[in-house]
Amino acid sequence: MLTAEEPWMILVQPVYVTHLQDNKENVYSEVPEIELPLQSPPPSSAVQQLDSLMTHLFNIQSKFPVSKDPPQESPTLHFAHSNNLNNMLGDLEQEMKNLGAAATSKGVCASCGKAIAGKMITVLGKTWHVEHFTCTHCGEEIGTQQFFERNGLAYCKRDYQDLFSPPCAYCAAPVLDKVLTAMDKTWHPEHFFCAHCGEVFGEEGFHERNGKPFCRKDFLNIFSPRCSRCNQPVLDNYFSALNAAWHPECFVCGDCSCTFSQGSFFELNGHPYCELDYHRRQGSICHTCQKPIIGRCVSAMGSRFHPEHFVCAFCLKQLNQGIFQEQNDKPYCNACYGRLFV
């Protein structure tokens, strides 16, 4: 190919002449004729004929002897080499038009702004030279490879994922395909699991505590209040009493296990009791009727009595003066005691 680094190559500019004049001193090889079709090719083959003609042109140039030393610059060549090449291509294009093999421009490259005569790409509503369709971020050629679009710009797969794919809250890697959103974060589906047991969440969902997700089982076992009686997690309905939580079936009297149907109970050492067992533990049960003593009481013979129940064991007279005689753990008034035992 003709390049700006090889200035002597421009000497082959008159290669468009298909016949050389007879000259005995001519040192050039005979140039074969370029056979062109008589009829205009269909528009779809114009680019192919242009490529074929350019290849033939360069084959002709290779047959000319080229000196290893750069030739002296001709005084008539004072213009830039790029202009020479553009002029040559322009002359070639004009000659092809004259021969009926004109190539039609396919559009203007959105990157370099020049006409596209060869391969092209149409994406994002624009046309590009294949080599000019590059990643907006890294500048690498995308060509016909897969790319991603954002705000009208093209990105290669690697840069798009690094720049715009949300990071996984667990591994910090970009979430490329399926994304799971929970707790105001994004996750790979396989990375959203219980912080305690490591199981991926199912249909039951999850419970959140201190910024971490937990399955229902572990959440209840770890964070649910414990029943004050059985020490098991309280999951559903519960009673709150004595600064603790209780299963309904566990909130019963600490001695007889009866339920508190009236909604009232007596507390002793952090445990609930019914009225009878509370007074029994407190020693405030009437020795005679075995019922709780509320209010005034009589203490005698190591027991307590309702005042009306502390009576003579023989005549049943109330011993309200506190004067009595004891016999076989029974109280007697003085009169009955004298008649019975004196």
Side-chain angles (χ1 to χ4, degrees), residues 194 196-197 204-210 212 214-342:
C194 176
H196 183 73
C197 68
E204 291 185 354
F206 69 96
H207 297 265
E208 185 270 339
R209 186 67 171 257
N210 299 328
K212 296 181 180 180
F214 295 87
C215 64
R216 175 180 172 82
K217 178 182 177 181
D218 289 332
F219 181 85
L220 295 177
N221 286 334
I222 297 173
F223 301 109
S224 291
R226 299 276 175 169
C227 176
S228 183
R229 183 181 180 88
C230 67
N231 200 36
Q232 294 299 313
V234 177
L235 306 181
D236 298 314
N237 296 330
Y238 66 95
F239 288 148
S240 179
L242 304 176
N243 297 321
W246 310 73
H247 292 115
E249 62 274 16
C250 291
F251 190 61
V252 294
C253 175
D255 284 342
C256 67
S257 297
C258 69
T259 60
F260 306 115
S261 57
Q262 302 299 323
S264 60
F265 63 92
F266 292 80
E267 183 268 338
L268 182 64
N269 298 327
H271 297 282
Y273 294 93
C274 64
E275 183 179 19
L276 181 61
D277 287 328
Y278 171 80
H279 286 284
R280 184 178 287 118
R281 282 179 170 269
Q282 292 290 86
S284 56
I285 295 295
C286 178
H287 183 73
T288 302
C289 68
Q290 293 297 309
K291 291 183 178 180
I293 299 175
I294 301 175
R296 295 173 56 204
C297 71
V298 175
S299 296
M301 301 182 301
S303 299
R304 293 181 180 181
F305 300 84
H306 288 112
E308 63 273 19
H309 292 164
F310 187 59
V311 297
C312 176
F314 185 75
C315 68
L316 301 180
K317 182 178 179 181
Q318 182 176 351
L319 303 172
N320 53 7
Q321 299 298 322
I323 301 174
F324 68 96
Q325 299 292 330
E326 178 185 355
Q327 184 68 31
N328 298 327
D329 294 330
K330 292 181 180 179
Y332 293 90
C333 63
N334 289 333
C336 292
Y337 182 83
R339 287 194 299 266
L340 296 174
F341 303 108
V342 176

Practice item. Taking ring-ring contact (aromatic ring centres under 6.0 Å, His included) as the test, write out the residues that go with Phe214, two or more places apart. Key: Phe223

Point to revise | Residues forming a ring-ring contact (aromatic ring centres under 6.0 Å, His included) with Phe206, sequence neighbours excluded | key: Phe192, Phe201

Hey, are the side chains of [X] and [Y] touching, using non-hydrogen atoms and a 4.5 Å cut-off?
| X | Y | value |
| --- | --- | --- |
| Cys258 | Val252 | no |
| Arg304 | His287 | no |
| Pro292 | Leu276 | yes |
| Met301 | Phe324 | yes |
| His247 | Arg229 | no |
| Cys256 | Cys274 | yes |
| Val234 | Ser224 | no |

Practice item. Take the angle between the ring planes of Tyr337 and Phe341 and call it parallel below 30°, perpendicular above 60°, tilted in between. Key: tilted

Check your understanding: Below 6.0 angstrom between ring centroids: does that apply to Phe251 and Phe239?
Key -> yes

Exercise for review: Establish, yes or no, whether a centroid distance under 6.0 Å links the rings of Phe310 and Phe305.
Suggested key: yes

Review point. Which residue pairs satisfy the side chain to side chain donor-acceptor pair (under 3.5 Å) criterion with at least one member in residues 252-265, sequence neighbours excluded?
Key: Asp255-Arg281

If you round to the nearest 0.5 Å, how far is [atom2] of [Y] from [atom1] of [X]?
| X | Y | atom1 | atom2 | result |
| --- | --- | --- | --- | --- |
| Arg216 | Cys194 | CZ | SG | 13.5 Å |
| His271 | Cys253 | NE2 | SG | 11.5 Å |
| His196 | Lys212 | NE2 | NZ | 11.5 Å |
| Ile294 | Ser284 | CD1 | OG | 8.5 Å |

Exercise for review: Please report the C-alpha distance between Cys289 and Lys291 in whole Å, then the side-chain angles of each, then the deciding distance to 0.1 Å, and finally whether the side chain to side chain contact (heavy atoms under 4.5 Å, CB included) criterion is met.
Suggested key: CA-CA 5 Å; Cys289 68; Lys291 291 183 178 180; 3.6 Å; yes

Review point. Yes or no on ring-ring contact (aromatic ring centres under 6.0 Å, His included) for Phe314 and Tyr332, after CA distance, side-chain angles and deciding distance?
Key: CA-CA 7 Å; Phe314 185 75; Tyr332 293 90; 7.5 Å; no

Point to revise | Taking every non-hydrogen atom, the tightest pair across Arg296 and Pro307 | key: O-CD, 3.4 Å

